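Working notes for the structure below.
Lettering follows sequence order; numbering is per chain, from 1. Since this is a predicted model, take the numbers as computed values, not measurements.
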Amino acid sequence: MKINILKGMYDVLPDDAAAWQLVEKTVRDVCNLYGFGEIRTPVLEKTELFERGVGKQTDIVKKEMYTFNDKGDRSVTLRPEGTASVVRAYLESGLGAQGEPVKFFYIAPMFRYERPQAGRFRQHVQFGAEYFGIKDPAADVETILLLLSIYDRLDIKYELNINNVGCGKAGCRDSIRDGVKKYFERNLPKMCDDCRLRYESNPLRILDCKKESCMEITEGFSGTGEISCPDCKQYYGEIKKLLDENAIKYSENPKLVRGLDYYTTFVFEVSASGLGAQNSVGGGGRYDSMVKDLGGSDVPAVGFGSGIERVILAMKSRNPGKQYGTKPKIFVVFQGEKAYKEMLPVLSYLRNGLNINACAVFGKSLKAQMRAANKSGAAYAFIIGDREIEEGRYKLKNMETGEEKEIRSGEIENLNKIFGVSI
RNA sequence: GUGGGCGUAGCUCAGCUUGGUUAGAGCAUCUGACUGUGGCUCAGAGGGUCGGGGGUUCGAAUCCCCUCGCUCACCCCA
């Protein structure tokens, strides 16, 4: 009986792995340039970490977590998002104790129990960055610059949306919530069932409703930022000014609300095309109260997360058919018993001695080996036959032009010079 | 959790409406033409529990019921 993969999971096969490696390398390179250090946290954490960090009222915590009891009867959860774990590690490591800013990045799998669809999985990999210890609009903008630099290098076309969702202080968020409720109060009978529920549980989410009837009503809403406290307004205004000064294009979306409760004042979302019904490749914002909520001191922070599957979808839709993998340089083919014995030593020498990407197949006729060489896309076929061995030479065939040249067996190390093979 | 679409060869699919020889095609694979040389062409070959179970029928890929899976969308997110 064949066992197949779990719903919402996928295997990355070699052809795709090349694209993954490119994304991962780009993330590491750019994060290093920006002074963010890699952090690797466990996949499994105490359930409470996410309940407190992400928020008990969020969909993620309420219905999407892979939660179970371990053998010690502790409730544990497969990480559904990156920030809470990083905050936990930040506190546990004591790296913030000197009061210096701390900058982390990660590339890590996340788990959410949802119904899969295009661009959405139960296990997906996010890269993200978290910037602790500085509350200054420049830090927010620098974080955005980091994310957009990665997208630029990967040749993704994107749009940046930003909003001010207010902070937790001095009734700021509360007044926004009240303002939203007040605005929708009269129209409530005309709105969808979901929104009527949201009105009580999480009024801000009404702004995000995609039902046409609700959107029409939302149209006239001034936006969350208008109602926020003076501090938030000022901070948000400075971010916009810095974005302008740094020539970062963005759209203000006064209705942008993120599904995670921990964001304060500034949120952003980056959208791209080619992701099915989804259009968000990455998002983030400021979360100035989470460190304290998780038992630390009052440390401000800003960060983002971005889904690698969606990044790759966006890359592919922008460059259809592009190959990210490498092809063998030399395909070694043989004919005869003596040649068979010489195969592995020759391959080893090409690979380990000359550092050439070399391949071969066994148990096939010469013709079949040549077919395999052709299919592999190798630049050269290196032909070893008993005849060649007796005469102390090999043949090297250019697979593109069909041209064949000879090389004496003692001079393989001169492949470069003799044939102009670029290695 | 809700709703639509789809499960036939390794892959992409036709056949199903109106049940009827050994279930097809393209691509891929293998072999040969070319006995030591790939791509192009031609000839041939292998490969199927028709997702699974039950029912109707002389007869089911085809009709009915159940079930499993995939997929897209909603909700929400990356």
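Nucleotide B:rU17 is matched to nothing when pairs are restricted to Watson-Crick or G-U wobble geometry with both distances under 3.5 angstrom. Pair assignment for B:rA45: B:rU29, on the basis of Watson-Crick or G-U wobble contacts that are both within less than 3.5 Å. Look at B:rG7: its Watson-Crick or wobble partner, with both distances under 3.5 angstrom, is B:rC68. With a cut-off of 3.5 Å on both Watson-Crick or G-U wobble distances, the partner of B:rA23 is given as none. As the counterpart of B:rU2, B:rA73 is assigned, both hydrogen-bonding distances of the Watson-Crick or G-U wobble pattern falling under 3.5 Å.
At whole-Å resolution of the value, CG in A:Asp11 and C1' in B:rC70 are 15 Å apart. For the pair A:Glu400 CD and B:rG39 C1', the interatomic distance rounds to 12 Å; values are reported in whole Å. Between A:Glu390 atom CD and B:rG36 atom C1' there is a gap of 13 Å when expressed in whole angstrom units. As a whole-Å value, the separation of A:Leu256 CG from B:rC76 P is 13 Å. Regarding A:Asn279, its CG atom lies at a distance of 13 Å from the C1' atom of B:rC76, rounded to whole Å. If you measure from atom CD of A:Gln335 to atom P of B:rG38, you get 12 Å, rounded to the nearest angstrom. We find that CZ of A:Phe331 is positioned 14 Å from P of B:rG39, with the value rounded to whole Å. Between the CD atom of A:Glu64 and the C1' atom of B:rC75 there is a distance of 9 Å, rounded to whole Å.
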Problem set entry | Worked verdict on A:Glu388 versus A:Glu342 for side-chain contact (heavy atoms from CB on, under 4.5 Å) | CA-CA 11 Å; A:Glu388 280 77 14; A:Glu342 208 148 319; over 6 Å; no
Exercise. Which is it for A:Val281 and A:Tyr151 under the side-chain contact (heavy atoms from CB on, under 4.5 Å) test, yes or no, and what are the steps along the way?
Worked result: CA-CA 10 Å; A:Val281 272; A:Tyr151 290 155; 3.7 Å; yes
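The base of B:rC76 sits with one of its N or O atoms less than 3.5 Å from a complementary donor or acceptor on the side chain of A:Arg120. Taking 3.5 Å as the limit, the base of B:rU37 and the side chain of A:Lys367 contain no donor-acceptor pair of atoms between them. For B:rU71, its base never sits under 3.5 Å from the side chain of A:Gln117 at any donor and acceptor pair. Taking only distance into account, the side chain of A:Glu388 meets the base of B:rG36 through a donor-acceptor pair shorter than 3.5 Å. Contact annotation: side chain of A:Arg371 to base of B:rU37, donor-acceptor pair absent below 3.5 Å.
For B:rG32 and B:rC13, the P atoms lie 33 Å apart once the distance is rounded to whole Å. Atom name C1', nucleotides B:rG4 and B:rA78: the rounded distance is 25 Å, in whole Å. Annotation: B:rU21 and B:rG3 have their P atoms spaced 39 Å apart (nearest Å). Taking atom C1' on both nucleotides, B:rA9 is separated from B:rC50 by 10 Å, rounded to a whole Å. Taking the C1' atom of each, B:rU17 and B:rA60 are spaced 15 Å apart, rounded to whole Å. Separation of the C1' atoms belonging to B:rG38 and B:rU49 is 39 Å when rounded to the nearest angstrom. Distance check on atom C1': B:rA33 versus B:rG59 gives 45 Å, rounded to whole Å. Comparing the P positions of B:rG46 and B:rU8 gives an interatomic distance of 23 Å, to the nearest angstrom.
Sparse packing is recorded around CD of A:Glu159, with 12 or fewer heavy atoms of other residues, nucleotides or ligands lying under 6.0 Å away. Summarising the local packing, NZ of A:Lys169 is surrounded by 12 or fewer heavy atoms from other residues, nucleotides or ligands at distances under 6.0 Å. The number of heavy-atom neighbours closer than 6.0 Å to CZ of A:Arg40, taken from other residues, nucleotides and ligands shown, is 12 or below. The 12-atom threshold is not exceeded at CD of A:Gln323, counting heavy atoms of other residues, nucleotides or ligands nearer than 6.0 Å.
Which of B:rU37, B:rA78, B:rU71 sits closest to the side chain of A:Arg115 comes down to B:rU71. Closest contact between the side chain of A:Met370 and the listed nucleotides B:rG38, B:rA73, B:rC75 involves B:rG38. Taking the side chain of A:Glu404 as heavy atoms from C-beta on, and the options B:rU31, B:rG38, B:rU37, the nearest nucleotide is B:rU37. Candidate nucleotides B:rC74, B:rC76, B:rG36 were compared by shortest atom distance to the side chain of A:Asp59, and B:rC76 ranks first. With B:rA78, B:rA73, B:rC30 as the candidates, the nucleotide lying closest to the side chain of A:His124 is B:rA78.
As judged by a 4.0 angstrom heavy-atom cut-off over every strand, A:Gly402 is placed among the base-contacting residues. Contacts of A:Gly119 with the nucleic acid, taken as non-hydrogen atoms under 4.0 Å apart, include base atoms. Here A:Lys364 lies in heavy-atom contact (under 4.0 Å) with sugar-phosphate atoms only. Contacts of A:Ala118 with the nucleic acid, taken as non-hydrogen atoms under 4.0 Å apart, involve only primed sugar atoms and P, OP1 or OP2. Contacts of A:Gln369 with the nucleic acid, taken as non-hydrogen atoms under 4.0 Å apart, are absent.
Here A:Lys63 does not reach the OP1 or OP2 of B:rC75: none of its side-chain N or O atoms lies under 4.0 Å away. The side chain of A:Lys375 places an N or O atom within less than 4.0 Å of a non-bridging phosphate oxygen (OP1 or OP2) of B:rU29. In this model, the phosphate group of B:rU37 is not approached by any side-chain N or O of A:Lys395 to a distance below 4.0 Å at OP1 or OP2. Using a 4.0 Å cut-off, some side-chain N or O of A:Arg258 falls inside it from OP1 or OP2 of B:rA78.
None of A:Ile206, A:Val180, A:Leu207 except one satisfies the side chain to side chain contact (heavy atoms under 4.5 Å, CB included) rule with A:Val257; the exception is A:Leu207.
Summary of the strand contacts: A:Arg310 and A:Lys7 both lie near RNA chain B, and taking for each the nucleotide with the nearest heavy atom, the more 5' one is attributed to A:Lys7. Mapping A:Ile383 and A:Ala277 onto RNA chain B by nearest heavy atom places A:Ile383 closer to the 5' end of the strand.
Relative orientation of the A:Tyr90 and A:Phe104 rings is perpendicular, given thresholds of 30° and 60° on the angle between their planes. Note on ring orientation: taking the six-membered ring where Trp is involved, the planes of A:Tyr340 and A:Phe362 are perpendicular (angle over 60°, cut-offs 30° and 60°).
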